[in-house]
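The structure under discussion appears below in the form of structure tokens.
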Number of protein chains: 2
Amino acid sequence: MEDVLRSLGYLCLGSRLKRIGEQLQADAQRLLDGLDVPLQSSQYTLLAALDRLGPLAVGELAQSLGVTQPGVTRSVSLLAELGLVEAIPSNDDQRRRMVTLTEAGQRLVDVAKRDVWPRIDKAVADLCQGLSGPLLDQLAAIEDGLAAAPLDRRVKEGAAQ
Amino acid sequence: MEDVLRSLGYLCLGSRLKRIGEQLQADAQRLLDGLDVPLQSSQYTLLAALDRLGPLAVGELAQSLGVTQPGVTRSVSLLAELGLVEAIPSNDDQRRRMVTLTEAGQRLVDVAKRDVWPRIDKAVADLCQGLSGPLLDQLAAIEDGLAAAPLDRRVKEGAAQ
DNA sequence: AGCCAAACCATAACATGTTATATAACAAGG
DNA sequence: CCTTGTTATATAACATGTTATGGTTTGGCT
């Protein structure tokens with residue numbers, strides 16, 4: 001069956017990027033599921049942002065992640081319910097809610113940073129290794145590569161080396 | 001404000017591809033809004049698939065678009081309500097529902113194919129023109145390019161030439 | 001013939017993105 | 001100081017992807 005998104009080239013580049021991104025995330029999800037806290041992979045990017053940049057207001061978080069503010073508000077609420085972050089109104093400006101990693105959140109990040117993120121990073125780097133040339137060709141190579149060996153298999157093989 | 005997804009490199013490639021894809025689609029949406037039928041850009045890919053490959057069963061459509069079957073089922077229902085496609089149980093096999101462009105659907109595709117899709121294709125090609133090198137660099141260039149001039153502006157400038 | 005597994009599609013529940021809009025806190029001018 | 005505009009966040013409504021599961025229809029095997 002012809003892959004229409006590939007055939008249409010630039011016209012459907014947006015859909016195609018989204019599709020590849022979703023597959024990468026789904027693959028990464030399987031690797032993250034090993035941790036005891038069940039979180040979606042996109043939540044980890046929020047935690048990573050806090051770990052990297054320190055406490056941030058909701059809007060700043062949105063900006064640093066490149067998503068809209070309502071999306072961050074929702075994710076923060078979810079993570080706060082799980083006890084991984086805290087959102088405390090700022091003293092200077094009561095409109096702002098500063099989002100901070102809790103101790104549990106920091107522990108989770110530390111575990112992920114040590115045990116899981118390097119593997120994902122390595123597996124994706126492996127997937128993209130040796131790519132060159134036009135964007136569409138590189139994307140096709142990624143699609144083919146993922147179809148041939150999903151990320152979790154690349155991690156296992158990498159670990160065996 | 002630091003762009004965390006960029007900083008994290010391969011680790012967040014999935015999120016980043018999704019983010020770029022969403023922005024491209026949003027930009028393309030503004031160009032499509034000119035047509036009289038208000039459709040989301042992802043629905044157009046479904047119509048494009050039918051135009052390109054002819055009538056398809058729901059499952060085949062899902063496969064050719066690279067999405068899951070429930071997603072296609074929902075989109076088809078929506079497009080059927082708008083009178084752009086028809087989904088008729090096959091005679092040979094009552095399990096299959098063959099999806100076909102209606103006359104109105106074909107007209108819409110023809111208009112899009114003539115007036116809009118070439119512009120989008122051209123604008124995205126323009127955006128990606130001259131890209132080379134590692135994937136992450138090309139993605140950064142796309143992000144910067146979109147920030148500097150969204151697709152609709154590229155179309156206008158292209159048309160003026 | 002009759003039964004059982006597989007194939008195809010629909011539906012439900014959820015995740016997570018968006019836009020549009022409401023609310024509350026701040027800031028500045030009359 | 002009060003109004004008024006702006007800023008920060010929350011909420012609602014929607015779009016569209018996913019997985020899990022259920023219900024028909026087929027088709028093959030005994």
Side-chain angles (χ1 to χ4, degrees), chain A residues 1 5 12 14-30 32-33 38-46 56-63 65-82 87-99, chain B residues 1 5 12 14-30 32-33 38-46 56-63 65-82 87-99:
Chain A
M1 180 66 56
L5 261 49
C12 291
S15 299
R16 192 166 170 201
L17 289 174
K18 265 184 70 177
R19 192 178 69 178
I20 300 174
E22 276 155 9
Q23 182 162 8
L24 275 173
Q25 284 196 320
D27 274 27
Q29 188 64 52
R30 284 203 296 280
L32 291 167
D33 283 343
L39 271 189
Q40 298 295 317
S41 59
S42 57
Q43 310 291 355
Y44 279 101
T45 65
L46 199 158
L56 290 174
V58 172
E60 295 166 343
L61 204 40
Q63 203 185 334
L65 292 170
V67 296
T68 55
Q69 167 262 311
V72 171
T73 293
R74 182 167 35 186
S75 290
V76 166
S77 303
L78 193 152
L79 291 170
E81 267 182 40
L82 294 174
I88 313 169
S90 159
N91 281 333
D92 328 346
D93 185 341
Q94 297 267 313
R95 290 172 303 181
R96 311 180 69 202
R97 280 174 63 210
M98 301 303 294
V99 184
Chain B
M1 180 65 57
L5 261 47
C12 292
S15 299
R16 194 166 169 203
L17 289 175
K18 264 183 71 175
R19 192 179 68 178
I20 301 174
E22 275 156 9
Q23 182 161 9
L24 277 173
Q25 284 196 320
D27 275 25
Q29 187 65 52
R30 283 203 296 280
L32 290 167
D33 283 343
L39 270 189
Q40 300 295 317
S41 59
S42 56
Q43 310 290 355
Y44 279 101
T45 64
L46 198 157
L56 289 174
V58 171
E60 294 166 343
L61 203 40
Q63 202 186 335
L65 292 169
V67 295
T68 55
Q69 166 261 311
V72 170
T73 293
R74 182 166 35 187
S75 290
V76 165
S77 304
L78 193 152
L79 291 171
E81 267 181 41
L82 294 174
I88 313 167
S90 160
N91 281 333
D92 330 345
D93 185 341
Q94 297 267 310
R95 291 172 302 180
R96 311 180 68 198
R97 278 176 64 213
M98 300 305 292
V99 183

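Numbered from 1 within each chain, the chains take letters A, B, ... in sequence-line order.
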Quick one: pull up [atom1] in [X] and [atom2] in [Y] and give me the separation to the nearest 0.5 Å.
X: B/R96; Y: B/I88; atom1: CZ; atom2: CD1; answer: 13.5 Å
X: A/K18; Y: B/L17; atom1: NZ; atom2: CG; answer: 12.5 Å
X: A/R16; Y: A/R19; atom1: CZ; atom2: CZ; answer: 6.5 Å

Hydrogens and angles aside, do A/D27 and A/Q23 bring a side-chain donor and acceptor to less than 3.5 Å of each other?
no
Polar side chain donor-acceptor pair, B/E81 to B/S77, under 3.5 angstrom
no
Among C/dT18, D/dT16, D/dA8, the nucleotide that comes nearest once only the side chain of A/R96 is considered
D/dA8
In whole angstrom, give the distance that lies between atom [atom1] of [X] and atom [atom2] of [N].
X: B/D92; N: C/dA7; atom1: CG; atom2: P; value: 18 Å
X: B/Q23; N: C/dT19; atom1: CD; atom2: C1'; value: 15 Å
X: A/R74; N: C/dT16; atom1: CZ; atom2: C1'; value: 6 Å
X: B/L78; N: D/dC14; atom1: CG; atom2: P; value: 12 Å
X: A/L24; N: D/dT18; atom1: CG; atom2: P; value: 14 Å
X: A/Y44; N: C/dT16; atom1: OH; atom2: P; value: 12 Å
X: A/L65; N: C/dT16; atom1: CG; atom2: P; value: 13 Å
X: B/L39; N: D/dT16; atom1: CG; atom2: C1'; value: 14 Å

Return whichever of A/Q29 or B/S77 has its heavy-atom-nearest nucleotide of DNA chain C closer to the 5' end.
B/S77
5'-most contact on DNA chain D (nearest-nucleotide basis), A/M98 vs B/P70, goes to A/M98
Nearest-nucleotide 5' precedence on DNA chain D, B/V67 against B/D93:
B/V67
Check every strand shown and say whether [X] touches a base, only sugar-phosphate, or nothing at a heavy-atom separation below 4.0 Å.
X: B/G71; answer: base
X: B/R19; answer: nothing
X: B/A26; answer: nothing
X: B/Q94; answer: sugar-phosphate
X: A/E22; answer: sugar-phosphate

Using OP1 and OP2 only, check whether a side-chain N or O of [X] sits under 4.0 Å from [N].
X: A/T68; N: C/dT18; answer: yes
X: B/Q40; N: D/dT16; answer: yes
X: B/Q43; N: D/dT16; answer: yes
X: B/Q25; N: C/dT18; answer: no

A/T45 and A/S42: which non-hydrogen atoms are nearest, and at how many Å?
OG1-O, 2.6 Å
base_contact_polar (D/dT9 base, A/R95 side chain, donor-acceptor, <3.5 Å):
no
